[in-house]
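One structure is given here, and the rest of the page talks about it.
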Amino acid sequence: MPKKILVADDEERIRRIIHDFLVREKYEIEEACDGREAIELFNENNFDLVILDVMMPEYDGWSVCREIRKTSSVPIIMLTARSEEFDQLFGFEMGADEYITKPFSPKILVARINALFKRIEKPEEKMLDFNGLVVDITARKIYVNNVYIDLSPTEYELLIFMIENKGIALSREQLLSRIWGYEYNGTDRTLDTHINRLRIKLEEKRNYIQTVRGFGYRFEVEI
């Protein structure tokens with residue numbers, strides 16, 4: 001069954017370009033011309049990914065992102081003409097997984113989407129337990145003391161990559177390249193924002209993610 005993507009943008013030309021490129025990749029597309037329609041369509045359908053323009057009438061992309069995150073961890077890509085660092089960080093704080101600035105290459109957008117889906121494919125069955133921090137690899141679920149923790153796809157991938165390299169200091173460049181790709185041109189603060197959100201969600205296990213000053217982060221289990 002083809003993956004279903006919601007594309008929300010008030011510019012019909014942009015929607016059409018995205019639609020045509022994604023259909024060639026065998027994705028199923030639904031379109032919304034404003035934030036209100038985007039929320040309505042999301043509530044009525046099961047989407048595998050959402051692309052949101054930030055500057056939309058009715059509700060802007062950030063508001064739609066916030067609304068979606070109340071009930072879903074579906075991957076979200078923010079699409080906007082605003083390139084300021086503050087705007088990008090705000091989008092990530094709202095729970096976005098990717099941030100692409102207009103004008104953009106449709107081919108790059110498709111590559112980002114394909115890479116994002118590849119990252120979240122279910123691996124072989126596996127269960128990991130780190131003194132109460134339990135990772136169900138098969139179901140892509142995280143539990144802290146038997147309580148389910150709802151992570152975004154990016155937060156989950158960050159945690160898994162650090163777990164795979166337990167005890168090893170990972171540089172910011174390594175983490176950015178692994179999660180966002182080698183062509184990522186954002187800032188270290190993007191990574192720091194996601195790490196902070198991840199720590200908050202891990203609650204009493206937050207200290208498992210240790211800061212390596214001037215370098216990056218390390219996953220270390222406290223005994």
Side-chain angles (χ1 to χ4, degrees), residues 3 5-11 14-15 17-19 21-22 25 27 29 31-32 34-35 38-39 42 47-57 59-70 72-120 150-159 161 172-201 216-217:
K3 288 182 169 57
I5 298 176
L6 172 61
V7 178
D9 195 304
D10 61 334
E11 294 185 61
I14 297 295
R15 296 200 309 273
I17 291 173
I18 296 174
H19 176 277
F21 272 83
L22 292 182
E25 296 291 314
Y27 292 121
I29 310 302
E31 298 179 27
D34 59 51
I39 292 174
F42 185 83
F47 290 105
D48 298 291
L49 184 140
V50 177
I51 300 173
L52 297 175
D53 178 37
V54 170
M55 304 305 291
M56 290 189 294
Y59 297 109
D60 62 25
W62 287 322
S63 299
V64 178
C65 180
R66 186 186 300 111
E67 190 66 24
I68 289 174
R69 280 290 174 257
K70 290 180 180 178
S72 174
S73 59
V74 64
I76 296 176
I77 295 177
M78 304 301 292
L79 193 64
T80 177
R82 304 174 65 169
S83 59
E84 289 83 356
E85 179 181 288
F86 170 80
D87 294 320
Q88 295 189 34
L89 292 174
F90 185 75
F92 288 131
E93 288 172 358
M94 291 299 100
D97 296 283
E98 293 275 3
Y99 200 103
I100 297 178
T101 304
K102 296 178 181 178
F104 62 92
S105 163
K107 292 182 180 179
I108 293 297
L109 175 61
V110 170
R112 292 279 187 89
I113 291 171
N114 290 341
L116 189 54
F117 279 135
K118 185 177 180 179
R119 292 205 319 254
I120 63 178
D150 188 19
L151 301 182
S152 72
T154 298
E155 293 163 352
Y156 177 85
E157 293 301 328
L158 270 173
L159 180 60
F161 184 48
R172 284 181 165 81
E173 290 75 17
Q174 286 177 292
L175 290 163
L176 286 168
S177 295
R178 172 62 182 262
I179 305 303
W180 285 277
Y182 288 99
E183 296 183 355
Y184 178 74
N185 59 0
T187 68
D188 288 355
R189 290 188 62 191
T190 296
L191 173 63
D192 295 339
T193 297
H194 279 84
I195 291 291
N196 289 338
R197 286 173 56 86
L198 181 56
R199 281 172 167 163
I200 290 171
K201 292 183 178 181
Y217 297 94

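Position 1 is the first residue of the sequence, and the numbers go up from there.
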With a 4.0 Å cut-off on N to O distance, would you call Asp97 and Arg197 a salt bridge?
no

If I take atom CH2 from residue Trp62 and atom CE from residue Met55, how far apart are they, to the nearest 0.5 angstrom?
7.0 Å

Pair Phe21-Leu109, side chain to side chain contact (heavy atoms under 4.5 Å, CB included): steps then yes or no:
CA-CA 9 Å; Phe21 272 83; Leu109 175 61; over 6 Å; no

Side chain to side chain, Ile5 and Asp48, heavy atoms closer than 4.5 Å
no

Separation of Ile39 CD1 from Ile68 CD1 (nearest 0.5 Å):
7.5 Å

Measuring only between side-chain heavy atoms, which start at C-beta, is Leu151 closer than 4.5 Å to Lys201?
yes

Ionic contact status for Arg69 with Asp150, cut-off 4.0 Å
no

Could you check if a side-chain atom of Ile113 sits within less than 4.5 angstrom of a side-chain atom of Glu25, using non-hydrogen atoms only?
no

When rounded to the nearest 0.5 angstrom, what distance separates CD1 in Ile77 from CD1 in Ile100?
5.0 Å

So that I can tick it off, tell me whether Asp53 and Lys102 are bridged by a salt bridge, with the cut-off set at under 4.0 angstrom between side-chain N and carboxylate O.
yes

Please find the pair of heavy atoms, one from Ala96 and one from Met78, that lie closest to each other, and give the distance.
CB-CG, 3.4 Å

d(Ile17 CD1, Arg15 CZ) to nearest 0.5 Å is 11.5 Å

Taking all non-hydrogen atoms of both residues into account, name the closest pair between Arg112 and Tyr99 and its distance.
NH1-O, 4.3 Å

Contact summary for Leu52 and Gly61, nearest pair of heavy atoms
CD1-O, 3.6 Å

One should read off an interatomic distance between Ser72 OG and Phe47 CZ, to the nearest 0.5 angstrom, of 11.0 Å

Trace of the side chain to side chain contact (heavy atoms under 4.5 Å, CB included) decision for Leu159 with Glu155:
CA-CA 6 Å; Leu159 180 60; Glu155 293 163 352; over 6 Å; no

Side-chain contact test, heavy atoms from C-beta onward, threshold under 4.5 Å: evaluate it for Ile18 versus Ile29 and give yes or no.
no

Is it the case that the side chains of Asn196 and Thr193 hold a donor-acceptor pair, with the cut-off being a distance below 3.5 Å and no angle test?
no

Measure across Ala38 and Val64 and return the closest heavy-atom pair with its distance rounded to 0.1 Å.
CB-CG1, 4.2 Å

For Cys65 and Ile76, work out which heavy atoms get closest and say how close.
SG-CD1, 3.8 Å

Can you measure from CG (Leu79) to CD (Glu98) and round to the nearest 0.5 angstrom?
11.5 Å

Would you check if Leu158 and Tyr217 make a side-chain contact, meaning some heavy-atom pair closer than 4.5 Å?
no

Give me the atom names and distance for the closest heavy-atom approach of Asp9 to Met56.
N-SD, 3.8 Å

